[in-house]
Enquirer: 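Supplied in structure tokens, the structure appears directly below.
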Amino acid sequence: MHFKVVVFFKNILVFIVVNLYRIALKNAKSVIFQNHDNMNLFIDKGIVDKSKCYVVNGSGVDLKHFKLTSLTKEPNFLLIARLLGDKGIREYVKAAKLIKGKYPNALFELVGPEDPSIDGITIDRVNKWTDSGYIQYKGSSNDVRPFIKKCNIFVLPSYHEGMPRTVLEAMAMGRPILTTDVPGCRETVMNGENGWLVEKANFEQLAERMIWFIENQDQWKVMGQKSYSIANEKFDVHKVNAEILKIMGISNEKTF
């Protein structure tokens, strides 16, 4: 009965949200999305007409701020995210636990602030994971570049994203990417070229790909360079902003 009640209220919430979006976007001339999955969802639900829809490559990344840096030789993994369950943090920890037994020198760092939402993971829980030796929690930071510079593989096992900014920042700094095959995340990875996509909520598959990285160190630089190339080609903030201004019918040329 409890399950049926939860589903019932979830359906009501979805109905309300869909209709609020439909009302809010009724008179919009253009609607911009950060990935095709979200756009197609809005079109399929009749929220907005396809003719009004455009997709851009996220919010872009500042390639002058997030610069290409060299890799080290240690298997250092990094996850940057708010402390939420749907960011895949629990799967990250479970994967790290599996790997530590065979590869004790592998390092798994976590950076991100607490989140008060119902899906939030408490600092006490994170500290217990740290005390157990599975991960190292580095707290929250306003500048993630030093953490990305230290890592060799960037990980984001998220359940859903618009376009993950942290992944774009890691790509700009030349890091291979290990993320989930979900909306937003899948747009950042050419599978097997600049990283790997794994199934959402599958910590065993996540661990398998982490082990692949540990055992294929010669591919780190190759994949990292590919990430950097993709960041330059697709996600440069100046290119993204120019595309958004074009959609909005605003010129980005400087006037004097």
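In this chain, residues are counted from 1 in sequence order.
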Enquirer: With rounding to the nearest 0.5 angstrom, report the CG to CG distance, D218 to N216.
Expert: 6.0 Å
Enquirer: Begin from the C-alpha positions of E109 and K150 and carry the test salt bridge (charged side-chain N to carboxylate O under 4.0 Å, His left out) through to its verdict.
Expert: CA-CA 10 Å; E109 291 193 336; K150 182 181 177 182; 2.9 Å; yes
Enquirer: Considering only NZ, NE, NH1 and NH2 on the basic side and carboxylate oxygens on the acidic side, decide whether K94 and E204 come within less than 4.0 Å.
Expert: no
Enquirer: Side chains of Q136 and T130: is there a donor and an acceptor less than 3.5 Å apart?
Expert: no
Enquirer: For V198 and D181, what are the C-alpha separation, side-chain angles and deciding distance, and is it a side chain to side chain contact (heavy atoms under 4.5 Å, CB included)?
Expert: CA-CA 6 Å; V198 297; D181 189 10; over 6 Å; no
Enquirer: Within a radius of less than 6.0 Å around NE2 of H36, do more than 12 heavy atoms belonging to other residues, nucleotides or ligands occur?
Expert: no
Enquirer: Whether the side chain of N57 engages the backbone of F235 through a donor-acceptor N/O pair (distance < 3.5 Å, no angle test) should be reported.
Expert: no
Enquirer: Is it the case that the side chain of K52 and the backbone of K26 share a donor-acceptor pair, with hydrogens and angles ignored and the cut-off at 3.5 Å?
Expert: yes
Enquirer: Which pair of heavy atoms, one from Q34 and one from M163, lies closest together, and at what distance?
Expert: O-CE, 3.2 Å
Enquirer: Assess whether ring pair (Phe, Tyr, Trp, His ring centres under 6.0 Å) is satisfied between F108 and Y134, documenting all intermediate values.
Expert: CA-CA 7 Å; F108 300 88; Y134 305 143; 9.7 Å; no
Enquirer: Atom SG in C53, atom CD1 in I247: separation rounded to 0.5 Å?
Expert: 10.5 Å
Enquirer: Report yes or no: does R145 contribute a side-chain atom to a donor-acceptor pair with the main-chain N or O of H65 at less than 3.5 Å?
Expert: yes
Enquirer: Please evaluate residues Y137 and I123 with respect to the criterion side chain to side chain contact (heavy atoms under 4.5 Å, CB included), reporting the C-alpha separation (whole Å), side-chain torsions for both, the decisive distance (0.1 Å), and the verdict.
Expert: CA-CA 9 Å; Y137 177 56; I123 287 293; 3.7 Å; yes
Enquirer: Distance-only, no hydrogens or angles: does the T179 side chain make a donor-acceptor pair with backbone N or O of L156 under 3.5 Å?
Expert: yes
Enquirer: Indicate if I153 and V222 have the same hydrophobic cluster label, given that clusters are the connected sets of ILVMFWY residues with side-chain heavy-atom separations under 4.5 angstrom.
Expert: no
Enquirer: Hey, could you give me the CG/CZ distance between N76 and R175, rounded to the nearest 0.5 Å?
Expert: 10.0 Å
Enquirer: Strictly distance-based, threshold 3.5 Å: is any side-chain N or O of W220 a donor or acceptor partner for the main-chain N or O of L71?
Expert: no
Enquirer: Is the closest basic N to carboxylate O distance between D62 and K64 below 4.0 Å?
Expert: no
Enquirer: Treating R22 as the side-chain partner and K45 as the backbone partner, does any N or O pair qualify as donor plus acceptor under 3.5 Å?
Expert: yes
Enquirer: Do T122 and D124 have side-chain atoms, one donor and one acceptor, less than 3.5 Å apart?
Expert: no
Enquirer: Quick check on the hydrophobic clustering: are F42 and V18 connected, directly or via other members, by side-chain heavy-atom contacts under 4.5 Å?
Expert: yes
Enquirer: Looking at G162 and N35, what are the two nearest heavy atoms and their distance?
Expert: O-ND2, 2.8 Å
Enquirer: To check you understand the geometry: which heavy-atom pair defines the closest contact between G192 and M223, and what is its length?
Expert: O-CE, 3.5 Å
Enquirer: Can a donor-acceptor pair be found, under 3.5 Å and without considering hydrogens, that links the side chain of N194 to the backbone of K226?
Expert: no
Enquirer: Does atom NZ (K50) have a neighbourhood of more than 12 heavy atoms from anything else shown, all under 6.0 Å?
Expert: no
Enquirer: Taking the basic N atoms (NZ, or NE/NH1/NH2) and the acidic carboxylate oxygens, is any pair closer than 4.0 Å for K87 and E161?
Expert: yes
Enquirer: CE of M173 to OG of S70: how many Å apart, nearest 0.5 Å?
Expert: 9.5 Å
Enquirer: Kindly indicate, with the supporting measurements, whether the criterion side chain to side chain contact (heavy atoms under 4.5 Å, CB included) is fulfilled by L178 and V189.
Expert: CA-CA 8 Å; L178 176 56; V189 170; over 6 Å; no
Enquirer: Evaluate the criterion ring pair (Phe, Tyr, Trp, His ring centres under 6.0 Å) for residue pair Y54 and F33; output intermediate values, then yes/no.
Expert: CA-CA 6 Å; Y54 299 86; F33 297 86; 9.6 Å; no
Enquirer: Looking only at side-chain N and O atoms, does D143 offer a donor or acceptor that is under 3.5 Å from a partner on S141?
Expert: no
Enquirer: Ignoring hydrogens and angles, tell me if any N or O in the side chain of D236 forms a donor-acceptor pair with the backbone of H238 under 3.5 Å.
Expert: yes
Enquirer: Is it the case that over 12 heavy atoms from other parts of the model lie below 6.0 angstrom from the NZ atom of K100?
Expert: yes
Enquirer: Please confirm whether the backbone N or O of I230 pairs with a side-chain atom of E233, one donor and one acceptor, at under 3.5 Å?
Expert: no
Enquirer: Regarding T72 and N152, do their side chains bring together a donor and an acceptor under 3.5 Å, going by distance alone?
Expert: yes
Enquirer: Please, which pairs that meet ring pair (Phe, Tyr, Trp, His ring centres under 6.0 Å) have at least one residue in residues 139-176, sequence neighbours excluded?
Expert: none
Enquirer: Check the pair L20 / V17 against side chain to side chain contact (heavy atoms under 4.5 Å, CB included), numbers first and verdict last.
Expert: CA-CA 5 Å; L20 286 174; V17 170; 5.5 Å; no
